[in-house]
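Data block below; observations after.
Residue numbering restarts at 1 for every chain, and letters A, B, ... go by the order of the sequence lines.
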Amino acid sequence: MTEPGRLFDPDEPPPLRPQPAGPAVVRVLPDVSGLEKEFDYLPVADGEAPPVGSLVRVELQRRTVAGWVTATGVTPPPGVTLQPLVKVTSAGPSPDVVELARWAAHRWSGRLGPVLRAASPPRQVPLLPELGQRGNGPGLGGVSLVRLAPDDEGVGLIEPLARQGSVLVITPRLGAAGHLAGRLRRLGLGARLHPRDWPTSASRGGVVVGARSAVWARVPDLAGIVVLDEHDESLQEERNPTWHARDVAVERARRAGVPCVLASPCPSLAALALVGDAVHKPARSAERAGWPVVELVDRRTEEPGRSGLFSPRVANVVRGPGPVLCVLNRTGRAVMLSCAVCGELVRTEDREHLMVERDGQLVSPATGESRPLVCAVCGAAKLKRLRLGVTRAAEELAALAGEPVAELTAATRPGARLPARVLVGTEAALHQLGGVDTVVFLDMDAELLAPRYRAGEQAMALLLHAARLTGPRAGGGRIVVQTRTPDHRVLRAAVHADPGILTREEAVVRRAMGLPPYGALAEISGAGADALADRLLADPGLTVMGPRNGRWLIRADTPDHLADALRPSERPPGRLRVHVDPPRV
DNA sequence: CGGACAAGCTGA
DNA sequence: CAGCTTGTCCGG
C-alpha cells in the first residue's frame, strides 16, 4: 500500500524513467537450447547496433552466452534495465535469411536457434557491409522441376543462372557437393564449397555448392537456387525442427523473386505438386540410355521347395565375371510370409503392405487389418517364412561364387578399393562404393511393401543409387532385382527407365489417403502429447490418429494449417516432441 | 538451459 | 526445524 503523499516506493524504479529506444537497442536470441525468448540489449560501449544476423555474446543471469541479433531499433518492454552487449563476435546470416529461418521454425514447429545455427558461419567472420538484394520482388522467378537422366549432374541448370549473379546449389551430401564444385571450377565457374568457403561466399558471392545447410548460405545478389536430387531424404534435417532444404529453397527463392530449379532423376511427389505436375523431361531415348538395364527375377515362378536367398538366375550372375554388389536390408528382422503354393507374398487387401503372423492370424503393422492364415490369391492355407540375414547371405554367396565374399558395413571407408569381386551389404553400401557394374537386390519386396507411406519413393531412390553406381546400360550397367511383386509400380518404372510411371500411380494412392503432398503430417509424442491430441481433436480441420506406441499422428490439409495448430502458444504444458513431415511414418 | 527460490518431505 | 529433494519460474 502506498502511503498518502508518496507517488511511488523509493526502492522501486520510478515508473516514468525514460527508456532507451531507437535504432540502438537490439533484440537477441541467446544460443541456449530450451530457451525460446529473445532479450533486448544496448550496443557495446556506445558503438553502433550490429546488423540483424550478427553473432554476439550477451550477459544473461550473470553468465555470458552466445546469441544472434534478431532485430534492431526495437522498443524494449517497459521496466527492464538494459545491459550492453558483451561483444560482437562475427557476421552471421543476412537479415532476409533470419526472417526465412523464422518462417522455417514455424513451418516445422520448432525453435529458431537450431535453424540459425545451420545458417551461421563455422568460424568467426568479420562484419560485412549490408547489401540490398536484387529487386525482382516476391512472386517473380518461380519454381521449375526438371527430370534428369541418372548420369546427368545438372551442370547445365547452373550455368545460365550463374551468369546473372550468385547461385545456391544444394546437393544431398557434402561429398557430392565437393565433386560438383570441382567440376564447375574446371568449367570456369568459380564454385565455392559451403560451409568451408562461408566468408568468401558471403562477401563475393558466386556459385555456392553444399549440402542441405547451403540453402541458408549468405550471398550477395542471389540470382537463383538449384536443388539437385530433390527427392533425396538427406535434404531434410533429422533433428527438430526438421526443415527440408527443398521447401526452404522454394520459399527463399519466392521471397527473393528469383528462380528455383528442382532437379532429380526420380522427382518427388512433393516437387510435382509444387509445380502442378509441369515437369521438364529429357528426351525418352536420352533418359533410357542414362539408366542401367533393370532385370527382374520373379521368385514366385521358381519350382516349389526353393526358398533360399538366391534364385538360379542370381547364382549365375554372382559367378561373374564382373564385380557384383548384393544388397540386403537389415530390416530382415521382419519375417516375410509367402504362399507355399503360388509363391505370392502375403499382403494387405490393397496390396500396398506386407502382413505378418500374430496370434494365429495375419496382421498388417501398417494398416492394422487382419485375416486368417490364408493366401488371398490362391486360397491355399500353407504359408512359408522367408528369412533373411546378412551373415547367412555372405556364407551362401561364397559357396555359390566359389570365392571369398566381402561383407560391407557402415564402417567401410568410402572410395576404398573393392575388397573382393563379390560384395554383400546393406543399403549403406550403395553410398560407399564405386567400380561395381552389377547390383543385385536380394529382397526388394521388404522395401517396396514397407509400412511407410513413402516406401515406393524410397525404393525408387535406392534403385537410383544403384543406377549411379553401375552407370548406364551402354557401359554394362545392370541391376538385378529378386522379387515376388514384379508388377509393382516402382519396378515397372525402373525397368522402363521411366520414373513417371511411379509418380503417376503413386499420386493416385496418396491423394486418396490425403497423405503428403496432398496434406501435411506431424507426429507428436511425450508426456504432453495426450493433452495436445485431445485439444486438437476439437479442430475440424485436423485429423487426429493414434496413439500408437505413445505417438499421435496429426493430419491437416496444408503445412500452414498444421503449423498454426501446433504453435507453442497453443500447447498445453508437459514434455512434448513435435515432428513435422516425419519421413518414416 | 540452468540458477534461484519456494514448497514439500523426512528424521531427530 | 535443518537439510534435502522436487517443482516452477525467469532471464533484458
Side-chain angles (χ1 to χ4, degrees), chain A residues 8-9 11-90 92-93 95 98-99 101-102 104-106 108-120 122 127 237-243 524-532 534-535 566-580:
Chain A
F8 49 82
D9 189 324
D11 295 336
E12 293 291 314
L16 296 177
R17 189 165 53 125
Q19 283 299 317
V25 179
V26 297
R27 191 150 287 167
V28 172
L29 175 74
D31 185 9
V32 176
S33 57
L35 179 54
E36 270 178 281
K37 216 173 143 190
E38 291 163 46
F39 301 88
D40 294 342
Y41 292 87
L42 295 168
V44 195
D46 301 326
E48 273 183 38
V52 168
S54 302
L55 287 131
V56 295
R57 291 194 74 81
V58 294
E59 193 142 310
L60 189 69
Q61 290 192 318
R62 295 172 287 289
R63 292 176 306 131
T64 316
V65 297
W68 293 270
V69 175
T70 55
T72 55
V74 295
T75 308
V80 296
T81 315
L82 299 185
Q83 286 185 265
L85 299 170
V86 173
K87 75 188 256 216
V88 180
T89 321
S90 168
V98 173
E99 279 320 297
R102 225 183 254 291
H106 176 254
W108 282 277
S109 295
R111 296 175 199 272
L112 178 58
V115 187
L116 288 179
R117 220 170 292 146
S120 297
L127 289 197
E237 167 66 40
E238 54 276 270
R239 289 158 303 185
N240 253 343
T242 51
W243 51 270
I524 60 172
S525 57
D530 291 3
L532 179 60
D534 222 46
R535 185 176 297 188
L566 294 171
R567 270 197 306 271
S569 58
E570 301 290 312
R571 296 178 191 174
R575 196 174 287 272
L576 185 69
R577 238 193 57 220
V578 179
H579 201 112
V580 175

5' to 3' contact window, DNA chain C with chain A (heavy-atom distance under 4.0 Å):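 Here the contact window of chain A covers dC10(C) to dG12(C).
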Take atom CZ of R239(A) as the centre, draw a 6.0 Å sphere, and report whether it contains more than 12 heavy atoms from other residues, nucleotides or ligands. no
At what distance, to the nearest 0.5 angstrom, does CG of N240(A) lie from CZ of R577(A)?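 One finds 7.0 Å between CG of N240(A) and CZ of R577(A).
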Which value, rounded to the nearest 0.5 Å, describes the distance between L112(A) atom CG and L29(A) atom CG?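 If we round to the nearest 0.5 Å, L112(A):CG and L29(A):CG are 5.5 Å apart.
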When you look at T75(A) and V25(A), which way does the side-chain contact (heavy atoms from CB on, under 4.5 Å) test go after all the steps? CA-CA 7 Å; T75(A) 308; V25(A) 179; over 6 Å; no
Between the protein and nucleotides 2-6 of chain B, list the N/O to N/O atom pairs that are separated by less than 3.5 angstrom.
residue	atom	partner	partner atom	Å
dG2(B)	N2	Q61(A)	OE1	3.0

Any side-chain heavy atom of V26(A) sitting closer than 4.5 Å to one from V74(A)? no
Show, in sequence, the C-alpha distance, side-chain angles and deciding distance for L532(A) and L566(A), and conclude whether the side-chain contact (heavy atoms from CB on, under 4.5 Å) test is met. CA-CA 9 Å; L532(A) 179 60; L566(A) 294 171; 4.0 Å; yes
Contacts table for residues 30-41 of chain A: side-chain donor-acceptor under 3.5 angstrom, sequence neighbours left out:
residue	atom	partner	partner atom	Å
D31(A)	OD1	R117(A)	NE	3.2
D31(A)	OD1	R117(A)	NH2	2.8
E36(A)	OE1	R111(A)	NH1	3.0
E38(A)	OE1	T70(A)	OG1	2.7
E38(A)	OE1	R102(A)	NH2	3.3
E38(A)	OE2	R102(A)	NH1	3.1
D40(A)	OD1	R27(A)	NE	2.7
D40(A)	OD2	R27(A)	NH2	3.1
Y41(A)	OH	E59(A)	O	2.8

